[in-house]
Participant: 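One structure, as structure tokens, below. Some questions next.
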Amino acid sequence: MSIDDIVAQGVARAVKELYGVEADPKGIVPQTTRKEFEGNLTVMVFPWVKAARKAPEAVGQEIGQWLVDNEPAVDRFNVVKGFLNLVIEPSFWSSVLEHIATTDNYGITPATDASPLVMVEYSSPNTNKPLHLGHIRNILLGFSLSQILKACGNRVVKTNIVNDRGIHICKSMLAWKKWGNGATPESTGKKGDHLIGDFYVLFDKKYREEVKALVASGMSEDEAKEKSPLMEEARHMLRLWEQKDPEIRSLWQMMNSWVYAGFDETYARMGVDFDKIYYESDTYLEGKEKVLEGLEKGIMYRKEDGSVWADLTDAGLDHKLLLRSDGTSVYMTQDIGTAKLRFQDYPIDRMIYVVGNEQNYHFQVLSLLLDRLGFKWGKDLVHFSYGMVELPEGKMKSREGTVVDADDLMDEMVSTAREVSRELGKLDGLSQQEIDEISETVGLGALKYFLLKVDPRKNMMFNPKESIDFNGNTGPFIQYTYARMRSVLRNAAEKGMATSEYTAVQPCDREITLIQTLADFPSTVAEAGRTFSPALIANYAYELVKQYNQFYHDCPVLREEDTAKRSLRLALTEVCARTVSTAMALLGIRVPERM
């Protein structure tokens, strides 16, 4: 039983005996005592003030004294207004450590067949360009959130919707057809997604030149954009695609296959995956069918021009277009179709969309429409809305080719990790294979941690140079400390130092602080799942390794001659290493055994 549970049950017994109140221990959540007060755990006593008919300070005094008299784990207490600060008996912390050390998958709640089924959508790329820095934040947040929700006892399905149709796809196709000269990934030596992205940029370049020429001939800019022959060719290609023209469909399938191979390579290097991938080309017709079904039921209405709309003014929103007058669908229609297919494939209890905050209104509307169309999870769908990520140089634009490609960024991070590690002497004596593996682990760890440690709802600036630092709140700092822990344990094993009985040892203050931080891990995981915040896990891992380093500096481990004390410190090192590894895995980050 954890220390939190012991205290919660003790408080529940106290208020039952003192005030005749039945309190559910699960509803009593001790918090770590603030640093300016004496204590390890703090309990708010306000819930029992009314029943006690006494001031909060008096209630705190009575409950605290009851715990000192009746609960062996509580040594002493103090009360600050309505907050009861408890000092745990120092020798008790050894048994807390033993509980943590002997608990399999500490901090993780396994799912059962009866657990809620949560579907998480992330990535959602277009097949006209490679994945970029903005996608990286989305993908890392989605994957980490999936890992955290799974650790909280949910069944999780990781899903992706690929935007593989539309005018933007036709732009790349048309540019390849006109100026590609039969180029393939094999003939050019380029990843397929990068090759197609080049043609998307080329289309925009040629289109801008054409518009500029038309404006010079006397047209307004709007007129020139509308009458651009190149844009009209792209629109014509889209119409042919929708009519299932064999030649256009064959070109579309070939070019998309190049992109998918490129995406898969990038996903594999990032260490992320999906359980099910949906394609917009399959879902948009399903959405159209569902909208027409809603029209028949009176949920939607048709305007005189033939377009189909939903009136959402009764919910404080506006009128939403769902089918254009020519019968073509919009993004909302496609999302409805995707929802329909997903609900057919899985008995979803909760649907989470990982999409940037510029789409907040879109998901308000989608939630309302899905609910009205009969999807039981529609009203409670979660838009995991995150902020944008920018570079010090400013915003990125795909059309202009100013995005930072995910592959290029990962290469840069790994190269920088190798250079910094070599300068600090952390690669000395390692083989080339070990150097390559550590550089990859540290470089990608730095990238992931830097993006995940920030509150996901905030916009952020990504600075590659700041992320690779072996000091401070960074991935490499955590990875290096983990490698130090593993080195201590290897050296202990080589010297035959076993972890024997240590529960009789009274830990020092530094050790107690570390044990209590370890005891906080399960509640941190639960809170991260409740609030959808990988940042809580990231900053917990940083706090844990920071405290371990202070412990390592103040409390000799291998040089400690007292066998019992040394056993406790080795057990602490082992449990810290295990917990850091688990926490970083929830972020999708690997930790190196040596560094």
Side-chain angles (χ1 to χ4, degrees), residues 124-130 132 134 163-181 195-243 245 247-248 251-252 255 280-281 284 288 302-310 317-335 355-362 365 388 390-391 393-405:
S124 309
N126 296 329
T127 57
N128 64 321
K129 56 191 175 186
H132 56 64
N163 303 303
D164 64 343
R165 61 172 289 279
I167 191 70
H168 49 299
I169 309 299
C170 291
K171 289 176 182 178
S172 296
M173 291 166 58
L174 182 59
W176 183 87
K177 194 174 180 182
K178 292 174 80 71
W179 304 294
N181 298 317
L195 179 65
I196 301 307
D198 289 346
F199 284 109
Y200 181 63
V201 173
L202 180 61
F203 177 94
D204 189 65
K205 179 186 175 186
K206 298 284 188 181
Y207 170 63
R208 285 170 179 269
E209 290 172 356
E210 195 171 75
V211 168
K212 187 177 180 181
L214 291 171
V215 169
S217 70
M219 287 187 187
S220 69
E221 187 172 345
D222 288 344
E223 189 180 8
K225 288 179 177 178
E226 182 62 30
K227 294 190 175 181
S228 155
L230 192 58
M231 187 62 77
E232 181 47 46
E233 280 190 83
R235 293 192 195 103
H236 178 65
M237 181 177 275
L238 178 58
R239 287 193 291 272
L240 290 176
W241 182 90
E242 290 181 345
Q243 294 163 10
D245 178 87
E247 181 185 340
I248 297 302
L251 174 62
W252 171 73
M255 293 178 71
E280 205 175 275
S281 55
Y284 83 107
K288 186 175 179 180
R302 192 186 294 276
K303 285 191 176 181
E304 289 183 3
D305 65 356
S307 58
V308 177
W309 297 69
L317 304 177
D318 58 9
H319 294 257
K320 182 64 185 177
L321 173 67
L322 294 170
L323 290 175
R324 299 186 185 94
S325 56
D326 61 2
T328 57
S329 61
V330 296
Y331 277 115
M332 187 66 67
T333 319
Q334 294 153 13
D335 278 345
V355 182
N357 56 18
E358 76 278 8
Q359 294 292 324
N360 286 351
Y361 186 78
H362 176 90
V365 174
M388 296 297 99
E390 296 177 11
L391 289 167
E393 294 78 22
K395 291 186 177 181
M396 303 173 290
K397 295 182 180 178
S398 300
R399 288 192 305 273
E400 298 174 19
T402 60
V403 299
V404 176
D405 290 329

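Keep in mind that this is a model prediction, so the values were computed, not measured.
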Participant: Would you please say whether a donor-acceptor pair under 3.5 Å links the side chains of Asp335 and His362?
Facilitator: yes
Participant: Look up atom CG in Asp305 and atom CZ in Arg302, then write down how far apart they are to the nearest 0.5 Å.
Facilitator: 9.5 Å
Participant: Quick one: list whatever passes side chain to side chain donor-acceptor pair (under 3.5 Å) with Asn181, sequence neighbours left out.
Facilitator: none
Participant: If I compare all heavy atoms of Pro130 with all of Gly197, which pair ends up nearest, and what's the gap?
Facilitator: CD-CA, 3.9 Å
Participant: Given side chain to side chain contact (heavy atoms under 4.5 Å, CB included), test Lys129 with His168 step by step and report yes or no.
Facilitator: CA-CA 10 Å; Lys129 56 191 175 186; His168 49 299; over 6 Å; no
Participant: Taking the side chain as every heavy atom from C-beta outward, state whether Ile248 and Gln243 have any pair of such atoms under 4.5 Å apart.
Facilitator: no
Participant: Which residues pass the side chain to side chain donor-acceptor pair (under 3.5 Å) test with Glu233, sequence neighbours left out?
Facilitator: Lys178
Participant: Sequence neighbours left out, what passes salt bridge (Lys or Arg N to Asp or Glu O under 4.0 Å) with Asp198? Give chain and number order.
Facilitator: Lys190
Participant: Quick check for you: to the nearest 0.5 Å, what is the distance between Cys170 atom SG and Leu240 atom CG?
Facilitator: 9.0 Å
Participant: Does the side chain of Thr333 reach to within under 4.5 Å of the side chain of Leu323, using non-hydrogen atoms?
Facilitator: yes
Participant: Is Met231 close to Glu210 at the side-chain level, that is, under 4.5 Å between some pair of heavy atoms?
Facilitator: no
Participant: Establish, from distance only, whether the side-chain atoms of Ser220 and Asp222 form a donor-acceptor pair under 3.5 Å.
Facilitator: no
Participant: How long is the straight-line distance from CE of Met219 back to NZ of Lys227, given to the nearest 0.5 Å?
Facilitator: 5.5 Å
Participant: Where is the tightest heavy-atom contact between Leu321 and Ser307, given as atom of each residue plus distance?
Facilitator: CD1-CB, 3.9 Å
Participant: Are the side chain of Trp252 and the backbone N or O of Asp164 linked by a donor-acceptor pair below 3.5 Å?
Facilitator: yes
Participant: Which residues pass the salt bridge (Lys or Arg N to Asp or Glu O under 4.0 Å) test with Glu304, not counting sequence neighbours?
Facilitator: none
Participant: Is it the case that the side chain of Asn126 and the backbone of Asn128 share a donor-acceptor pair, with hydrogens and angles ignored and the cut-off at 3.5 Å?
Facilitator: no
Participant: Between Glu242 and Arg235 (salt bridge meaning N to carboxylate O under 4.0 Å), is one present in this structure?
Facilitator: no
Participant: Lys212: what forms a salt bridge (Lys or Arg N to Asp or Glu O under 4.0 Å) with it, not counting sequence neighbours?
Facilitator: none
Participant: Go through the steps for Leu317 and Val365 under the test side chain to side chain contact (heavy atoms under 4.5 Å, CB included), then give the verdict.
Facilitator: CA-CA 8 Å; Leu317 304 177; Val365 174; 4.1 Å; yes
Participant: Among residues at least two apart in sequence or on other chains, which ones pass salt bridge (Lys or Arg N to Asp or Glu O under 4.0 Å) with Lys225?
Facilitator: Glu221
Participant: Taking atom NE2 of His236 as the centre, report whether more than 12 heavy atoms of other residues, nucleotides or ligands fall under 6.0 Å from it.
Facilitator: no
Participant: First locate atom OG of Ser217, then atom CD of Glu223, and finally report the distance between them rounded to the nearest 0.5 Å.
Facilitator: 8.5 Å
Participant: Does Gly306 offer a backbone N or O that forms a donor-acceptor pair with the side chain of Ser325 under 3.5 Å?
Facilitator: no
Participant: When you look at Glu226 and Leu214, which way does the side chain to side chain contact (heavy atoms under 4.5 Å, CB included) test go after all the steps?
Facilitator: CA-CA 11 Å; Glu226 182 62 30; Leu214 291 171; over 6 Å; no
Participant: Just how far is it from atom OH of Tyr284 to atom CZ of Arg165, taken to the nearest 0.5 Å?
Facilitator: 5.0 Å
Participant: Start with the C-alpha gap between Asp204 and Lys171, add the side-chain angles, then the distance that decides, and say whether side chain to side chain contact (heavy atoms under 4.5 Å, CB included) holds.
Facilitator: CA-CA 8 Å; Asp204 189 65; Lys171 289 176 182 178; 6.0 Å; no
Participant: Output yes when a side-chain donor or acceptor of Asn163 lies under 3.5 Å from a complementary backbone atom of Glu280, and no otherwise.
Facilitator: no
Participant: Would you find more than 12 non-hydrogen atoms of other residues, nucleotides or ligands less than 6.0 Å from Glu247 atom CD?
Facilitator: no
Participant: Which distance, rounded to the nearest 0.5 Å, do you find between the CG of Leu174 and the CH2 of Trp179?
Facilitator: 6.0 Å
Participant: Of all heavy-atom pairs between Ala175 and Phe199, which one has the smallest distance, and what is that distance?
Facilitator: CB-O, 3.2 Å
Participant: Keeping the roles fixed (side chain from Arg324, backbone from Ser329), state whether a donor-acceptor pair exists under 3.5 Å.
Facilitator: yes
Participant: Do Leu251 and Trp176 have side chains that approach each other closer than 4.5 Å (heavy atoms only, starting at C-beta)?
Facilitator: yes
